[in-house]
Visitor: 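Below is the structure I would like to discuss, written out as structure tokens.
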Protein chains: 2
Amino acid sequence: MPDTPPSPDAVQLGAYFALMEVAGLLRHAVEQQLREAGDLSYVQFQLLARLGLDSPSGSERMTDLADGVVYSRSGLTYQAGLLEKAGLVTRTRSADDDRGVTVTITDAGRALLAKVLPGHTEVLDRQLFQPLSHEDAQALADLLSPVRDHMRSAPPRSAAPRRRR
Amino acid sequence: MPDTPPSPDAVQLGAYFALMEVAGLLRHAVEQQLREAGDLSYVQFQLLARLGLDSPSGSERMTDLADGVVYSRSGLTYQAGLLEKAGLVTRTRSADDDRGVTVTITDAGRALLAKVLPGHTEVLDRQLFQPLSHEDAQALADLLSPVRDHMRSAPPRSAAPRRRR
DNA sequence: TATTGTTATACTCTATAACTATA
DNA sequence: TATAGTTATAGAGTATAACAATA
């Protein structure tokens with residue numbers, strides 16, 4: 001009897017393709033909504049949501065913001081620059097480490113987030129949650145949360161010239 | 001007692017953010033592997049996989065290829081052009097409809113797909129499936145398949161000047 | 001008239017490498 | 001010497017609109 005092969009079988013491959021297609025279609029849908037409702041890209045929304053919803057202080061360091069958004073440092077600088085130019089965040093030197101930069105969401109940023117969220121959740125309801133019961137949503141979160149934690153802790157070993165954190 | 005609100009609650013929002021982050025991180029990881037192993041973008045891999053793995057004939061019309069890959073027609077033309085230039089697909093006028101174009105994967109395309117897949121599944125094992133049991137993978141596929149079907153049938157109502165299909 | 005696909009074009013985004021400044 | 005962030009630059013990808021050809 002052969003060992004259980006380590007390579008994904010049909011079920012795993014199916015889960016993978018379904019995951020990627022759903023996420024891709026969903027991202028496309030919410031990106032349109034965000035663009036129309038607030039002239040935001042999805043990445044910009046992610047950054048604002050992280051500052052405005054996840055962070056108690058509304059502030060985070062550039063390096064910490066990069067985690068989970070998976071960007072090159074220059075890409076984050078670019079996006080933060082756009083948000084700052086739009087008045088949605090500010091950038092100041094970090095208090096404890098003079099090399100660091102602290103990004104803080106502004107009132108305008110919070111206002112835009114609040115303005116955009118209702119339509120955003122509408123899209124989520126229509127596109128993602130309509131075929132899912134509340135229990136399904138819970139099950140989905142329970143399945144994906146450990147994966148997210150695993151991925152965060154096991155970043156793709158790239159030949160990157162520099163490492164984050 | 002209030003009705004169950006239609007807007008996503010904390011559980012739904014958590015599922016949504018987990019889904020998007022996992023898919024984003026995973027895409028980033030597989031994109032690197034595809035680029036190194038076969039000089040393919042993820043979209044190009046999706047197109048080749050659809051032709052080489054899903055389609056029995058190895059052929060599909062441009063319009064059908066656009067479904068599920070969520071592109072503008074011009075974007076699909078661009079990607080198909082790249083694949084054709086690389087000798088991975090051919091484009092011919094469709095037999096039944098002279099307006100249509102049939103895209104067919106070549107032997108070289110199948111060979112590249114075969115060359116790239118082992119490393120691809122390695123990344124999947126390491127990044128996505130390590131924290132998931134086989135039953136978890138099955139559950140994930142079962143949860144997401146109906147969502148995918150729903151999304152395919154309910155495309156984002158865009159103000160697009162033209163509609164697909 | 002509607003649909004299929006291509007082209008031209010402009011724009012957004014991302015990554016690499018070089019650079020500055022601080023730890 | 002290593003880390004935080006910026007800048008310059010180049011390349012890939014995407015969308016819009018105008019277009020040609022066929023149904």
Side-chain angles (χ1 to χ4, degrees), chain A residues 24-25 27-29 31-32 34-36 39-47 59-67 69-86 89-103 155-156 158-165, chain B residues 24-25 27-29 31-32 34-36 39-47 60-67 69-86 89-103 156 158-165:
Chain A
L25 287 165
R27 177 159 173 158
H28 194 261
E31 233 157 21
Q32 268 185 240
L34 290 169
R35 185 65 67 189
E36 289 166 12
D39 198 35
L40 287 175
S41 72
Y42 186 70
V43 174
Q44 289 157 9
F45 169 74
Q46 276 185 303
L47 293 173
S59 295
E60 266 189 73
R61 277 188 63 162
M62 290 289 283
T63 296
D64 297 323
L65 273 181
D67 294 351
V69 185
V70 194
Y71 268 50
S72 56
R73 294 165 289 131
S74 64
L76 185 56
T77 296
Y78 171 74
Q79 293 294 343
L82 291 182
L83 291 174
E84 188 174 44
K85 199 183 303 177
V89 305
T90 58
R91 278 187 292 185
T92 58
R93 294 229 82 82
S94 298
D96 53 319
D97 186 341
D98 253 353
R99 297 170 302 179
V101 168
T102 298
V103 185
S158 63
R162 222 166 100 192
R163 213 164 272 278
R164 268 199 299 282
R165 303 207 74 120
Chain B
L25 288 166
R27 177 160 173 157
H28 194 261
E31 233 157 20
Q32 269 185 241
L34 290 169
R35 184 66 68 190
E36 289 165 13
D39 198 36
L40 287 175
S41 72
Y42 186 70
V43 174
Q44 289 156 11
F45 169 74
Q46 278 184 302
L47 292 173
E60 266 189 74
R61 279 189 61 163
M62 292 287 284
T63 296
D64 297 323
L65 273 180
D67 293 353
V69 186
V70 196
Y71 269 49
S72 57
R73 293 165 289 133
S74 63
L76 184 56
T77 296
Y78 171 73
Q79 293 293 345
L82 291 181
L83 291 175
E84 187 175 46
K85 199 184 304 177
V89 305
T90 58
R91 279 187 291 185
T92 58
R93 295 229 81 83
S94 298
D96 53 320
D97 185 341
D98 253 351
R99 296 171 303 180
V101 168
T102 297
V103 184
S158 62
R162 223 164 100 191
R163 212 164 272 277
R164 269 198 298 283
R165 302 212 69 123

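Chain letters run A, B, ... following the sequence lines, proteins first, then strands; residues in each count from 1.
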Visitor: Taking atom C1' of dC13(C) as reference, at what distance in whole Å does atom CZ of Arg27(A) sit?
Guide: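 My rounded result for the distance is 10 Å.
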Visitor: Arg35(B): what forms a side-chain hydrogen bond (donor to acceptor under 3.5 Å, both in side chains) with it, not counting sequence neighbours?
Guide: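 Arg35(B) satisfies side-chain hydrogen bond (donor to acceptor under 3.5 Å, both in side chains) with no other residue.
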Visitor: To the nearest angstrom, how far is Arg73(A) atom CZ from dA2(D) atom C1'?
Guide: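 So the two atoms are 12 Å apart, to the nearest Å.
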Visitor: As an exercise, state the distance from CE of Met62(B) to OG1 of Thr77(B), rounded to the nearest 0.5 Å.
Guide: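 Output value for this atom pair is 4.0 Å.
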Visitor: Are any of the side-chain heavy atoms of Glu84(A) and Val89(A) separated by less than 4.5 Å?
Guide: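 Yes, their side chains come closer than 4.5 Å.
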Visitor: Of the non-hydrogen atoms in Asp98(B) and Arg93(B), which two are nearest, and what is the gap between them?
Guide: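 In this case the closest contact between Asp98(B) and Arg93(B) is O-NE, 2.8 Å.
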Visitor: I want to verify a distance call: between dT16(C), dT4(C), dG5(D), whose nearest atom is closest to the Ser74(A) side chain?
Guide: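 Given the options dT16(C), dT4(C), dG5(D), the side chain of Ser74(A) is closest to dT16(C).
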Visitor: Which residues in residues 95-102 of chain A have at least one heavy atom lying under 4.0 Å from any atom of DNA chain C?
Guide: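 Close to the strand are Asp97(A), Asp98(A), Arg99(A).
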Visitor: Sequence neighbours left out, what passes side-chain contact (heavy atoms from CB on, under 4.5 Å) with Gln44(A)? Give chain and number order.
Guide: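 side-chain contact (heavy atoms from CB on, under 4.5 Å) list for Gln44(A), sorted by chain: Leu40(A), Ser41(A), Gln79(A), Leu82(A), Leu83(A).
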Visitor: In whole Å, I'd like the distance from the OH atom of Tyr42(B) to the P atom of dG13(D).
Guide: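 For the pair Tyr42(B) OH and dG13(D) P, the rounded distance is 14 Å.
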Visitor: For Thr102(B), give me all partners under side-chain contact (heavy atoms from CB on, under 4.5 Å), at least two apart in sequence or on another chain.
Guide: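 Result, side-chain contact (heavy atoms from CB on, under 4.5 Å) vs Thr102(B): Ser59(B), Arg61(B), Thr92(B), Ser94(B), Thr104(B).
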Visitor: Would you classify Ser41(A) as touching base, sugar-phosphate or nothing, given that sugar-phosphate means primed atoms plus P, OP1 and OP2, and contacts are heavy atoms under 4.0 Å?
Guide: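 Answer is sugar-phosphate: Ser41(A) comes under 4.0 Å of backbone atoms only.
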Visitor: To the nearest angstrom, how far is Asp64(A) atom CG from dT3(D) atom P?
Guide: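 From Asp64(A) CG to dT3(D) P: 15 Å.
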Visitor: Asp39(A) has an atom CG; how far is it from atom P of dC11(C), in whole Å?
Guide: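 Taking atom P of dC11(C) as the reference, CG of Asp39(A) is at 14 Å.
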Visitor: Could I get the full list of side-chain hydrogen bond (donor to acceptor under 3.5 Å, both in side chains) partners for Asp97(B), not counting sequence neighbours?
Guide: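 For Asp97(B), the residues satisfying side-chain hydrogen bond (donor to acceptor under 3.5 Å, both in side chains) (neighbours in sequence not counted) are Arg99(B).
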Visitor: At less than 4.0 Å, is any side-chain N or O atom of Arg91(B) found next to OP1 or OP2 of dT6(C)? Yes or no.
Guide: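 Yes, within the criterion.
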Visitor: Rounded to whole angstroms, how far apart are CE on Met62(A) and P on dA21(C)?
Guide: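 It works out to 18 Å between those atoms.
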Visitor: How close or far is atom P of dT14(C) from atom CD of Gln32(B), stated in whole angstroms?
Guide: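 That distance rounds to 15 Å.
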Visitor: Rounded off to whole Å, could you give me the CG-to-P distance for the Leu40(B) and dG13(D) pair?
Guide: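 Value for this atom pair: 10 Å.
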Visitor: Where along residues 75-85 of chain B does a heavy atom come under 4.0 Å from DNA chain C, residue by residue in number order?
Guide: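 Of all residues in residues 75-85 of chain B, the ones placing a heavy atom under 4.0 Å from DNA chain C are Thr77(B).
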Visitor: Let's see if you can work this out: which of dA12(D), dG5(D), dT4(C) has an atom nearest to the side-chain heavy atoms of Arg35(B)?
Guide: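 From the listed options, dA12(D) comes nearest.
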